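Okay, structure first, notes after.
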Amino acid sequence: MKLRIAELPGDGIGPEVVAQAKKAIDAVCKRFGHEVSYQFAKAGACAIDEFGDAFPESTFKTCMESDAVLFGAVGDPRYDNDPTAKVRPEQGLLAMRKQLGLYANLRPIETFAALVDKSPLKPELVDGAEFLCIRELTGGMYFGEKGRLDGGDTAFDTNIYHRYEIERILKLGFEYAGRRRKHLTVVDKANVLESSRLWRQIAKEMEPQYPDITVDYMFVDNAAMQLIRCPKFFDVIVTENTFGDILTDEASCITGSMGLLASASIGEHTGVFEPIHGSYPQAAGKDIANPLATILSAAMMFEYAFGLKAEGALIRKAVAASIDEGFVTEDLAAPGAPVYGTSAVGDRVAELISKI
Ligand code: IPM
Ligand code: MG
């Protein structure tokens, strides 16, 4: 198969971790006889520097002409403490999601037996926890009307959702639950928010179409507690954009490192595969960032964008093997055990892909 991948490494550690994912992709393509090509494009602070735009038209075009987007991270400390900045690297990510119609962000949470001690939670709570967060990605407060009033002293963001937006994401929630343990948790704040009441109303309307699925409804504050109190309760979580952003960072604690969480953003046009961690500027260029989340995002790319399950599974197997043998970056290394650099871990995973 011919695979055209748009490569958008972005800022900070983005380029380093994307380079490691490419090693894994190349190794798997070599093994299975696929022909892969990469189209490089800029997004985030690096694109602002060159084009004055965090998601330039040329980058959009490259994405549209590709079968999948491999994305690193965006963000730059130059903008973080400047609330007056007119252009921001994060706008590039949001523009990409919106323009590509990527309304669903799939964030699987899985634990690796060798890493249960890395989680701040008790091992017996996290060992075996495995669930999927489905975050709505192109609506809600992120994209609703926002602005300032009163000469700047009043600010607002509008949490707006239309029926079609809710229906399509809930449909995915029911479908993924149907392929898994048939348990869907709809997370909202229906005791307070009108938009959440519409989510809940629509979910209830849809329930009869999926009689084999157990659905429960949880307020987001309670969900935040249950996630760390009993993560094994969950199978599929579906929720709105803002709640999903917050809950998935929280959920990353279950796995032991944010450096392990992959994601797939899918919808109308080319899907984007990216780690959930940010650009981690303090680590940029130091060869210390954990590349596994991006490598696991590449595994999701094979499964979701190309429908190549065996290829994705092989990448996962190689990642698990590298963890088992302790070939990991500092965030995952056991006390006193050797620590490997970003690039060495990338080489090792690619090597494991070629030989296991
Ligand atoms: C994420 C990130 C982004 C978000 C930021 C960088 C805009 O936190 O992908 O979770 O809030 O969606
Ligand atoms: Mg986030």
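In each ligand, atom 1 is the first atom listed, and ligand 1 is the first ligand listed. In this text, all values refer to a predicted model and were calculated from it rather than measured experimentally. By convention here, the first residue in the shown sequence is residue 1.
Within the cation-pi definition used here (under 6.0 Å to the ring centroid, within 45° of the axis), R348 does not qualify as a partner of Y340. Figure legend: cation-pi geometry between R135 and Y142, with NZ or CZ positioned under 6.0 Å from the six-membered ring centre and within 45° of its axis. For K204 and Y217, the positive end sits near the middle of the six-membered ring, less than 6.0 Å away and at most 45° from its axis.
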Table of N or O contacts for ligand 1, cutoff 3.5 Å:
unit_1   : atom_1 : unit_2 : atom_2 : d
ligand 1 : 8 (O)  : D245   : OD1    : 3.3
ligand 1 : 9 (O)  : R97    : NH2    : 2.7
ligand 1 : 9 (O)  : R107   : NH2    : 3.0
ligand 1 : 10 (O) : R107   : NH1    : 3.4
ligand 1 : 10 (O) : R107   : NH2    : 3.0
ligand 1 : 10 (O) : R135   : NH1    : 3.2
ligand 1 : 10 (O) : D245   : OD1    : 2.9
ligand 1 : 11 (O) : Y142   : OH     : 2.5
ligand 1 : 11 (O) : D245   : OD1    : 3.4
ligand 1 : 12 (O) : R97    : NH1    : 2.7
ligand 1 : 12 (O) : R135   : NH1    : 3.3
ligand 1 : 12 (O) : R135   : NH2    : 2.8

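Between L100 and M64, some side-chain heavy-atom pair lies under the 4.5 Å cut-off.
Below 30°, between 30° and 60°, or above 60°: for F302 and F306 the angle between ring planes is above 60°, a perpendicular geometry. Classified by interplanar angle (parallel below 30°, tilted 30° to 60°, perpendicular above 60°), the ring pair F233/H183 is perpendicular. The aromatic rings of F60 and F55 sit perpendicular, their planes meeting at an angle over 60°, well past the 30° parallel limit.
Around the Mg ion (ligand 2), the protein atoms of type N, O or S found under 2.8 Å away are D245 OD1, listed by chain and number.
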Handout entry: CA sep, side-chain torsions, deciding dist, call: I237, L227, side chain to side chain contact (heavy atoms under 4.5 Å, CB included)
Key = CA-CA 10 Å; I237 292 175; L227 267 180; 4.0 Å; yes

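Salt bridge absent: D235 and K182 never bring a charged side-chain N and a carboxylate O closer than 4.0 Å.
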